[in-house]
Amino acid sequence: MDPVLAGAAGWRDGAPAGHPMEEVLGGLPWLKHALDTALEGTEGLCEGHEHGQRLSAVVVPVFGEDGTQLGVCARLRTLDTPKQPPAGERQAREHLEHQTSVLRATFDSIADGVIVVDLSRRITAFNKRFQEMWGLTDEMLEERDAEKALASAAPLVKDPERFVAGILRRMLPSSEAENSDIVELRDGRVFERKSLPQRLGDTIIGRVWSYRDVTVERHAQAEQARLLAAEQSARERLEESFAVLDTFLNHAPIGLGFIGKDLRFLRLNDALAALHGRRREEEIGRLVREMTPHVASTVEPLMRQVMETGRPIIGLDMTGEVPATPGQQRHWHVSYYPVRTAGGGILGVGAVVVEVTAERHAQAERERLLREAREAVRIRDDFLSIAAHELKTPLTPLKLHLQMMKAQVGAGRLVAQHHVDKALTQVSRLAVLVNDLLDASRIQAGRLELCREPLSLREFVREVLSDFRSTSPLHSLEFEEPGEPLVVMADRGRLAQVLTNLLENAFKYSPTGGTVHLRAERVGGEARVSVRDEGIGIPEDQQAHLFERFFRARNAPISGFGGLGLGLYICHDIIERHGGRIWVESRLEHGSTFHFSLPLAS
């Protein structure tokens, strides 16, 4: 309390802090009354006289951050203005009072019940409609305590606990949500409730609730729904027989239809209509000839026969195309049954169309797989025969040479060098066969690994040719070197395996001799290597299968040309793993040219 206020109150006994308000402000009863009002949460402006002076005080409640009232604050000042306000001020005050009166009348006249509660849970405003809707008297609202008013209203609703908890949760100072919900009362009334925060600038200072009685509207909606349900039920009963029939038809996985005596569609399902390329609604009432002109000449006599004789036709096989799948042959089992009345009269024909296209395709697929299985067995048997022959071929001379070396050792003589060399040759041949089998197994398992490095193609080919020993007196070998350096990223050993295999094949399948041409060149961004021979060639219809596992051209008999049929299969996989491709050009009896290309290193 500052000295000015202390002096105005007539306080002379030292510092006023800690003394009761009634004792300190005994000389200013009008100010004490204003402070008492502010302690209940209501701010105000008050005036009074003391020692011949006209005084004015502004009194406001003080709240903490959590919304709890801590106390009040008052500011006192002396009014030197005349007692009668100027005419302009009177007019402004009268205008403000008029506007306030209009707003209050409007507030009380709206159809919705409205209540406003501040952060200290005190009612700051409400209208008459709110009181009427909740049956709250002036005495119940006199204290302006929102929680007491809520306790009086809660027993009226069907779920009081949820109702009270929802309101208290939204009274929190942090609640910024705007929401709308429905409140059902025990007496049958239904209120639509809306809630939103009350703001002063950007600050939330309270919350506004509005209640609208929608009981009549809800009852009208319920009655309308009841009438609609009754109408729908009557319609469903009226169409029950057709609904049952249509449900059966449209859920059947086969084509079903009912054709009258005049050969018009009276009922059919989607499955049958789809075969005609239409919707079933488009076909009801139309002639069979109109809807299926491509088969009408076949099926119409059969339908008439069924109606005339009363005997069904069952399991008729039909094949043809339909608009839904042009260009595709489809297959059906078709049956026609007479449709009779309870008295035995024939009303028409029932058609049952069962599509068996999938079964036919499945049968064809089974036959194809059987043929492939038989071919695989044949290839396996051929491979086993070839493998047995190829493995036995080096074993016989190897055994012979080893026996001769054993005899020489047993006789105390030195082992002849040519026996050792020939035995080693046969061992090498066996090693090649075993390595081919291992490589084929690795390829099938996806475990054939490469170790790439930059390779100069010219030096690489020269290196392979220097180690090549498969030439014979009947053959010559020519190498056409590239005119520029060609470098590729490749596995040296695997690429040598490919080139060696192609060269050996060129010699092997040129039994009468001739020149084998080897050429390396650039073609665009690739390096291409070609091996051309003047041998027996490859039949044109066999060339597409050359790079398959175990394949041997039919003009390469086992007795004349060895091998397991794995070499080109392995070459194909190695080249593809390098990002390249391998292919052949050949004419029967005019030799063959094998090419492979690899990307050039950048």
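We number each residue from 1, following the sequence as shown.
In this structure, the ring of W134 has its center less than 6.0 angstrom from the ring center of F163.
Ionic pairing of R330 and E355 is present here: one or more N-O contacts between side-chain nitrogen and carboxylate oxygen are shorter than 4.0 angstrom. A salt bridge links E300 with R289: the closest approach of a Lys/Arg side-chain nitrogen to an acidic carboxylate oxygen falls below 4.0 angstrom. Salt bridge status for R519 with E521: present, with a side-chain N to carboxylate O gap under 4.0 Å.
Q363 and R366 are linked by a side-chain donor-acceptor pair at a separation below 3.5 angstrom, with hydrogens and angles left out of the test. In summary, the side chains of H545 and E548 do present a donor paired with an acceptor at a separation below 3.5 Å, with no hydrogens or angles considered.
Considering all non-hydrogen atoms of both residues, L302 and L316 come closest at CD1-CD2, 3.4 Å.
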Quick one: side chains of residues 185-193, donor-acceptor pairs under 3.5 Å with protein atoms, not counting sequence neighbours, listed by atom name and distance.
residue: R186; atom: NE; partner: P155; partner atom: O; Å: 3.0
residue: R186; atom: NE; partner: V157; partner atom: O; Å: 3.2
residue: D187; atom: OD1; partner: R189; partner atom: N; Å: 3.1
residue: D187; atom: OD1; partner: R189; partner atom: NE; Å: 3.4
residue: D187; atom: OD2; partner: R189; partner atom: NE; Å: 2.8
residue: D187; atom: OD2; partner: R189; partner atom: NH2; Å: 3.2
residue: R189; atom: NH1; partner: M133; partner atom: O; Å: 3.0
residue: R189; atom: NH2; partner: M133; partner atom: O; Å: 3.2
residue: R193; atom: NE; partner: D181; partner atom: OD1; Å: 3.0
residue: R193; atom: NH2; partner: D181; partner atom: OD2; Å: 2.7

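Counting only residues at least two apart or in different chains, ring pair (Phe, Tyr, Trp, His ring centres under 6.0 Å) contacts with residues 567-599 comprise F547-H572, W583-H595.
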task = Begin from the C-alpha positions of I259 and L266 and carry the test side-chain contact (heavy atoms from CB on, under 4.5 Å) through to its verdict.
result = CA-CA 6 Å; I259 298 95; L266 302 181; over 6 Å; no
task = Would you please test V116 and R207 for side-chain contact (heavy atoms from CB on, under 4.5 Å) and show each step?
result = CA-CA 6 Å; V116 184; R207 196 160 191 88; over 6 Å; no
request  = Dump the intermediate steps for salt bridge (Lys or Arg N to Asp or Glu O under 4.0 Å) on R286 and E283, then the final yes or no.
outcome  = CA-CA 5 Å; R286 306 290 292 277; E283 300 203 7; over 6 Å; no
query = Where do V339 and I346 land on the side-chain contact (heavy atoms from CB on, under 4.5 Å) test, with the steps shown first?
reply = CA-CA 6 Å; V339 179; I346 294 179; 6.0 Å; no
CA sep, side-chain torsions, deciding dist, call: Y211, D112, side-chain contact (heavy atoms from CB on, under 4.5 Å) = CA-CA 5 Å; Y211 294 87; D112 293 352; over 6 Å; no
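Partners of H331 by ring-ring contact (aromatic ring centres under 6.0 Å, His included), not counting sequence neighbours: none found.
Crowding of E281 atom CD: a count of heavy atoms from other residues, nucleotides or ligands under 6.0 Å exceeding 12. Annotation for R199: atom CZ counts as buried by contact number, over 12 foreign heavy atoms lying within 6.0 Å. Within a 6.0 Å sphere centred on CD of E449, other residues, nucleotides and ligands contribute 12 heavy atoms or fewer. No more than 12 heavy atoms of other residues, nucleotides or ligands sit less than 6.0 Å from atom CZ of R212. Heavy-atom contacts from other residues, nucleotides or ligands closer than 6.0 Å to CD of E365 number more than 12.
Between the side chain of E308 and the backbone N or O of Q305, no donor-acceptor pair lies under 3.5 Å. Using a distance-only test at 3.5 Å, with no hydrogens or angles considered, no donor-acceptor pair links the side chain of T292 to the main chain of A296.
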